[in-house]
Amino acid sequence: MYITRLSLKNFRNYEDEKIEFSPGVNIIYGANGMGKTNALEAVYYFSQGRGFRGPAREAIRYGEEQGRTALEFFREGRECKGEIIFEKKAKKIFLNEIELKKTSQLVGRFVCVLFTPDELSLVKGPPEVRRRFLDSSIIPLRPACLSALVKYNLILKQKTALLKKGEYRMLPVFNRQLAEVGSGIIHMRRAYIESIRDIAAGVQSDISSGAEELEVIYSSSVRPGADRRETASLLLEKMEAMEESEKENKICFVGPHRDDISLKINGRPARSCASQGQQRSIVLALKAAQTELIERETGESPVMLLDDIMSELDRSRRDFLREKISGKQVIITCTEAEGETVGGNLIMVKDGKIIGNGDRSCF
Ligand SMILES: Nc1ncnc2c1ncn2[C@@H]1O[C@H](COP(=O)(O)OP(=O)(O)O)[C@@H](O)[C@H]1O
Ligand SMILES: [Mg+2]
């Protein structure tokens, strides 16, 4: 899979620009604050209809009513075109000129994997960050996960509203629905973790020359049931057991919205015990596993988006990453020379304007 062109109209600090990409290495180059990450975000929007820097309405250029981006890409050898119109209240998504009724129809068409320096929060941050990683990794492969999550969150909101109002009559109905939909989410997440855990452990071991053993475990409020139905009844039992506490605190304590990924290095929790370097390796390991699974399941390589990451890594991790991305389309942003020669399509950005875009070797 690779992209050929991105058009930006009133998106972030871009007024009206087009960027051409080559199938190999693309380098977005410019000083801080020029719009490099904004360009990556625009590309990322086409993978799940969401950005990674806040809500869609904030992506509209300051002072404008509407923003518009278009992405041309090749998938399974066929040319596709996606278009997103950003408006204050909503966004419209088009695929090959046809408007999609739901964002979930976009999912899985264009697949990318994003590396940013912020991603250390995958290890150090709250469970929510890991759940988001998990869900956004599963969704391109199992679009049903997105509909399940939307449904689950809606019921969860309704149940929370009842707890807040102190109206408990409908509680059992909501609990049953949450258990039903929630068990499906838990099963998809567990299955996903099962598929990436060995790959991630292998990567961690490679980077550390065998010194670090990484364990990736799905940590849920209920023990694994044999099947969805059993998990649903375990969830329901737990909700009933927690009912008094839920009423008292007006919080839903049980379900996939409280789950987490447990990451351990040599048996110790990575969140509190891993060094900065080990944490970086864990992020690389998880992302590499995510990439490999996409390739295995779809037969195509995702587009790799690397935001300011190379300068953050030491030599061995950088070499590892370079090997992982070879043969795939890569879009790298950087502000200064990496100290070596990189050939590729150089895209120069200055204040939201593309001032250079063509094949050359740089640095
Ligand atoms: N909605 C917006 N409208 C106009 N400018 C924006 C918007 N959102 C962010 N920006 C501007 O984009 C710039 C940051 O761009 P960014 O892509 O993060 O730069 P970098 O090249 O460092 O990655 C900032 O100057 C910020 O003010
Ligand atoms: Mg940036």
Side-chain angles (χ1 to χ4, degrees), residues 3 5-21 25-71 83-93 112-122 125 129 132 136 280 283-284 287 303-313 317-318 321 325 329-339 342 344-358 360 362-363:
I3 66 177
R5 177 185 282 166
L6 173 70
S7 313
L8 303 158
K9 261 198 191 129
N10 293 328
F11 179 89
R12 299 265 181 212
N13 64 337
Y14 291 93
E15 190 180 341
D16 190 0
E17 296 292 326
K18 282 192 172 55
I19 307 179
E20 311 278 342
F21 294 90
V25 178
N26 298 269
I27 303 131
I28 305 182
Y29 184 85
N32 272 327
M34 292 296 141
K36 302 183 296 297
T37 305
N38 290 344
L40 281 193
E41 190 198 23
V43 173
Y44 184 87
Y45 256 104
F46 289 89
S47 67
Q48 314 207 346
R50 282 201 301 185
F52 57 85
R53 311 187 100 179
R57 65 180 135 58
E58 285 175 16
I60 305 170
R61 191 162 188 257
Y62 302 145
E64 299 291 335
E65 288 300 309
Q66 192 192 70
R68 190 185 277 257
T69 56
L71 188 74
E83 201 171 353
I84 303 180
I85 299 180
F86 297 83
E87 281 168 353
K88 295 263 146 100
K89 290 225 169 74
K91 60 181 183 298
K92 295 189 185 118
I93 304 176
C112 61
V113 172
L114 172 74
F115 290 72
T116 75
D118 291 347
E119 255 141 328
L120 275 189
S121 63
L122 248 179
V129 179
R132 207 183 312 128
S136 64
R280 286 193 205 290
V283 175
L284 281 183
K287 296 279 168 165
V303 175
M304 310 298 281
L305 308 178
L306 272 50
D307 193 19
D308 266 334
I309 190 94
M310 284 302 194
S311 56
E312 297 256 325
L313 299 177
R317 294 187 185 93
R318 205 189 292 185
L321 188 58
I325 59 183
Q329 187 181 42
V330 193
I331 304 165
I332 307 175
T333 69
C334 59
T335 42
E336 55 207 288
E338 306 276 353
V342 181
N345 174 28
L346 185 64
I347 300 145
M348 299 181 79
V349 193
K350 194 173 179 199
D351 280 329
K353 296 233 168 343
I354 304 301
I355 54 168
N357 186 174
R360 59 189 261 204
C362 59
F363 313 137

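Below, each value reflects all heavy atoms present in this structure, side chains not excepted, and no hydrogens, waters or symmetry copies. Each ligand, and each atom within it, is numbered from 1 in the order the structure gives.
Proximity of a side-chain donor or acceptor of K36 to a complementary backbone N or O of A31 within less than 3.5 Å is detected. Between the K287 side chain and the V113 main chain, no donor and acceptor come within less than 3.5 Å of each other. Side-chain N or O atoms of Q48 include one that pairs as donor or acceptor with a backbone N or O of S136 at under 3.5 Å. Panel note: side chain E41, backbone G51; no donor-acceptor pair is recorded below 3.5 Å. Checking side-chain atoms of Y29 against main-chain N and O of L346 turns up no donor-acceptor pair under 3.5 Å. Between the D307 side chain and the T37 main chain, no donor and acceptor come within less than 3.5 Å of each other. A donor-acceptor contact shorter than 3.5 Å links the side chain of T333 to the backbone of D308.
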After noting the C-alpha distance and the side-chain angles of I354 and K18, does the key distance pass the side chain to side chain contact (heavy atoms under 4.5 Å, CB included) rule? CA-CA 8 Å; I354 304 301; K18 282 192 172 55; over 6 Å; no
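Inspection of the environment of the Mg ion (ligand 2) yields the following protein N, O or S atoms under 2.8 Å: T37 OG1.
Test R57, R68, K92 against E87 for salt bridge (Lys or Arg N to Asp or Glu O under 4.0 Å) and you get one pass: K92.
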Note down each nitrogen or oxygen pair, ligand 1 side and protein side, whose separation is under 3.5 Å; give only atom names and the distance to 0.1 Å.
{"unit_1": "ligand 1", "atom_1": "1 (N)", "unit_2": "E58", "atom_2": "O", "d": "3.0"}
{"unit_1": "ligand 1", "atom_1": "1 (N)", "unit_2": "I60", "atom_2": "O", "d": "2.8"}
{"unit_1": "ligand 1", "atom_1": "3 (N)", "unit_2": "R12", "atom_2": "O", "d": "3.2"}
{"unit_1": "ligand 1", "atom_1": "3 (N)", "unit_2": "Y62", "atom_2": "N", "d": "3.0"}
{"unit_1": "ligand 1", "atom_1": "8 (N)", "unit_2": "R12", "atom_2": "NH1", "d": "3.4"}
{"unit_1": "ligand 1", "atom_1": "12 (O)", "unit_2": "N38", "atom_2": "ND2", "d": "3.0"}
{"unit_1": "ligand 1", "atom_1": "15 (O)", "unit_2": "N38", "atom_2": "ND2", "d": "3.1"}
{"unit_1": "ligand 1", "atom_1": "17 (O)", "unit_2": "K36", "atom_2": "N", "d": "3.3"}
{"unit_1": "ligand 1", "atom_1": "17 (O)", "unit_2": "T37", "atom_2": "N", "d": "3.1"}
{"unit_1": "ligand 1", "atom_1": "17 (O)", "unit_2": "N38", "atom_2": "N", "d": "2.8"}
{"unit_1": "ligand 1", "atom_1": "17 (O)", "unit_2": "N38", "atom_2": "OD1", "d": "3.2"}
{"unit_1": "ligand 1", "atom_1": "17 (O)", "unit_2": "N38", "atom_2": "ND2", "d": "3.4"}
{"unit_1": "ligand 1", "atom_1": "18 (O)", "unit_2": "R53", "atom_2": "NH1", "d": "2.9"}
{"unit_1": "ligand 1", "atom_1": "18 (O)", "unit_2": "R53", "atom_2": "NH2", "d": "3.1"}
{"unit_1": "ligand 1", "atom_1": "19 (O)", "unit_2": "G35", "atom_2": "N", "d": "3.2"}
{"unit_1": "ligand 1", "atom_1": "21 (O)", "unit_2": "M34", "atom_2": "N", "d": "3.2"}
{"unit_1": "ligand 1", "atom_1": "21 (O)", "unit_2": "G35", "atom_2": "N", "d": "3.0"}
{"unit_1": "ligand 1", "atom_1": "21 (O)", "unit_2": "K36", "atom_2": "N", "d": "2.9"}
{"unit_1": "ligand 1", "atom_1": "21 (O)", "unit_2": "K36", "atom_2": "NZ", "d": "2.8"}
{"unit_1": "ligand 1", "atom_1": "22 (O)", "unit_2": "G33", "atom_2": "N", "d": "2.7"}
{"unit_1": "ligand 1", "atom_1": "23 (O)", "unit_2": "T37", "atom_2": "N", "d": "2.9"}
{"unit_1": "ligand 1", "atom_1": "23 (O)", "unit_2": "T37", "atom_2": "OG1", "d": "2.7"}

